[in-house]
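To keep things clear, I will list the structure first and then write my remarks on it.
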Amino acid sequence: MKLTEAFQPTLKEVPTEATITSHRLMLRAGLVRQTAAGIYAWLPAGLRVLRAISTIVREEQDRIGAQEVLMPTLQSADLWRRSGRYDAYGPEMLRITDRHERELLYGPTNEEMITDIFGAVVKSYKELPLTLYHLQWKFRDEVRPRFGVMRGREFYMKDGYSFDVSKEGAERNYWRQMLAYLRTFRRIGVNAVPMQADTGPIGGNLSHEFLVLAPAGESGVFYDAAWEGIDWSKRDLDADSAEDLKAVQDVLATHYAATDEKHDEAAWEKVPAEQRREGRGIEVGQIFHLGPKYTEAMGVTVTGEDGSPTHPDMGCYGIGVSRLVGAIIEASHDDNGIIWPESVAPWRFALINLRPGDEATDALCARLYSADPENILYDDRKERAGVKFNDADLLGLPWQVIIGPRGAKAGQVELKNRASGERSEMPVDDFMARFG
Ligand code: ATP
Ligand code: MG
Ligand code: MG
Ligand code: MG
């Protein structure tokens, strides 16, 4: 993308309504615009990040055999009356009446709808286990929407639901998702630590929240420093292997981690003092073993192995995709702007032309740009170098490729790594070979 043609509105002023870093940076870098309290429009750069995260989420869900569907945002109130949650959910639910006085709601989550769809289709234990997921906008009328997209009212979530005939099967699904989540977050470039959690209004008994460690987090967290060093992408674990799932459980059992809600002083005392870390965390996902709560309430059965009807045992698995965009920035920025992990950056390279109009500089930039336009944001504006450097640091693409008249003449490319600040010069061909 050429910056002269891009819809990439950076702001010079820090918007006053934004109180935390990620919110300020997202507005300043032109990722989102607020359109109403807690409701945001995603601009091209922000949307590219949202899509990159979604792709990783999909790949890791598909890898463990979950199947993608797409359920609507609007749901009928009657569906929620069947589970008893229509009244129980309270004022966070946005209730809507259509022209025929039918009651609808903008979905805050989808247990009822998926259970209903499942019940209408699946009849036998032979069709299980089954995990379905979707990525869809949710609405929760938060009392205090704040922190930008991190606590919006409309937000983008991946929610998945598993069905099995037995509790053991449901627990296996749970640990498979645990592994998929650990991999997903690692690939996205954040350290999201699984912590035992309360199940709240969703119900059930086994649950973990995934928290990104960052000072702006709303939850207090207590964890073993060992969590800072675990790279799940390097562990060759297979969700189909019972042994590997056990290994995951062992890691969780060995290294303490809990939010303030579940913090256990006695267990904390057993963590070596120099390993104890206290801080704040941002909830970016949560998984639950639900049991037959929804299938019982909604009267959904399948034929069991012995021929009698049985209520399938469920799990549900959420990831806050839009919240993650803010959480990544909270965990990865400096005074100059965002530092995107490579895997979710809106573009990989910022190509900075220091002298538009200089023939050799323009020609080299054009050559580099045409090699990979999809992954390059080309700053071809007639602006001062300082403005370009500031904007490049603010948007935080992983690599800055800096071309001026001197380098262009010598056939040299200057490369800056946004995260480390390290600069190096290399011949154009070396650059093309390394990054092409
Ligand atoms: P919170 O405790 O922050 O209110 P939650 O526990 O109510 O979140 P869940 O029902 O577990 O949320 O939903 C799954 C995920 O959706 C959360 O882990 C979070 O990442 C995301 N999420 C929840 N509420 C919001 C929101 N208002 N804005 C953005 N993302 C959200
Ligand atoms: Mg909530
Ligand atoms: Mg929560
Ligand atoms: Mg939660």
Side-chain angles (χ1 to χ4, degrees), residues 20 22-23 26 31-32 34 36-40 42 46 49-50 53-54 57 61 73 85 88-94 106-112 114 133-161 174 177-178 180-182 184-185 188 190 192-204 206-214 216-221 258-262 280-290 293-294 314-331:
I20 62 166
S22 59
H23 190 191
M26 287 184 74
L31 304 182
V32 291
Q34 185 175 315
I39 304 181
Y40 291 83
W42 291 77
V49 179
L50 202 61
I53 297 172
S54 305
V57 167
Q61 287 298 306
T73 54
R85 280 209 298 180
Y89 211 91
E92 251 188 35
M93 179 184 280
L94 180 64
Y106 193 126
T109 178
N110 280 64
E111 284 80 8
E112 284 77 0
I114 200 77
Y133 74 96
H134 74 162
L135 286 99
Q136 181 59 290
W137 295 93
K138 303 287 186 288
F139 196 96
R140 294 183 188 176
D141 205 353
E142 302 277 352
V143 196
R144 215 147 77 82
R146 56 183 180 155
F147 302 158
V149 300
M150 290 219 288
R151 186 167 296 287
R153 293 195 298 161
E154 190 181 42
F155 60 97
Y156 199 50
M157 194 206 285
K158 184 290 285 186
D159 42 324
Y161 305 88
Y174 183 92
Q177 287 286 343
M178 169 67 75
Y181 270 48
L182 293 168
T184 301
F185 291 124
I188 286 168
V190 288
V193 180
M195 307 194 182
Q196 267 193 44
D198 280 327
T199 50
I202 301 251
L206 176 62
S207 178
H208 285 85
E209 287 172 345
F210 295 79
L211 287 107
V212 169
L213 309 169
E218 292 183 288
S219 314
V221 295
T259 61
D260 41 18
E261 283 176 4
K262 278 270 177 176
R280 315 285 308 167
I282 302 165
E283 181 193 331
V284 292
Q286 184 164 10
I287 58 178
F288 302 81
H289 171 220
L290 295 170
K293 174 178 157 141
Y294 292 93
M314 290 174 65
C316 76
Y317 315 96
I319 294 183
V321 176
S322 52
R323 176 178 288 183
L324 262 167
V325 181
I328 293 166
I329 298 173
E330 285 301 331

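When a ligand or atom number is given, it counts from 1 through the structure's own listing order. Atom set for the values below is all heavy atoms of this structure, side chains included, hydrogens, waters and symmetry mates excluded. In what follows, residues are counted from 1 in the order of the sequence shown.
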Salt bridge E111-R85, side-chain N to carboxylate O under 4.0 Å: yes
Carboxylate-amine/guanidinium contact R146 E218, below 4.0 Å: yes
Region of E142 engaging ligand 1 - heavy atom pairs below 4.0 Å: side chain
Backbone or side-chain N or O of G152 under 3.5 Å from ligand 1 N or O: yes
Any I319 side-chain heavy atom under 4.5 Å of F210 side chain: no
A331 to L213 - nearest heavy-atom pair and separation: CB-O, 4.3 Å
S322, any N or O under 3.5 Å of ligand 1 N or O: no
Per-atom contacts of ligand 1 with G285, taking only distances under 4.0 Å to non-hydrogen atoms: 18 (O), 20 (O)
Pairwise side-chain contact, V221 with V193, heavy-atom cut-off 4.5 Å (strictly under): no
Minimum non-hydrogen distance to atom 30 (N) of ligand 1, winning option of F210, Y317, F155: F155
More than 12 heavy atoms from other groups under 6.0 Å of CD on Q196: no
Contact partition for K138 relative to ligand 1, non-hydrogen atoms under 4.0 Å: neither
Minimal non-hydrogen separation, Y156 against S54, with atom names: CE2-OG, 3.6 Å
N or O contact, R323 vs ligand 1, cut-off under 3.5 Å: yes
Backbone or side-chain N/O/S of E283 under 2.8 Å of the Mg ion (ligand 3): yes
Ligand 1 N/O within reach of E283 N/O, cut-off under 3.5 Å: yes
Least distance between heavy atoms, P91 atom then D141 atom: O-CB, 3.6 Å
R153 heavy atom under 4.0 Å from ligand 1: no
Any V149 heavy atom less than 4.0 Å from ligand 1: yes
Contacting atoms of ligand 1, where contact means under 4.0 angstrom from a heavy atom of G320: 15 (C), 16 (O), 20 (O), 21 (C)
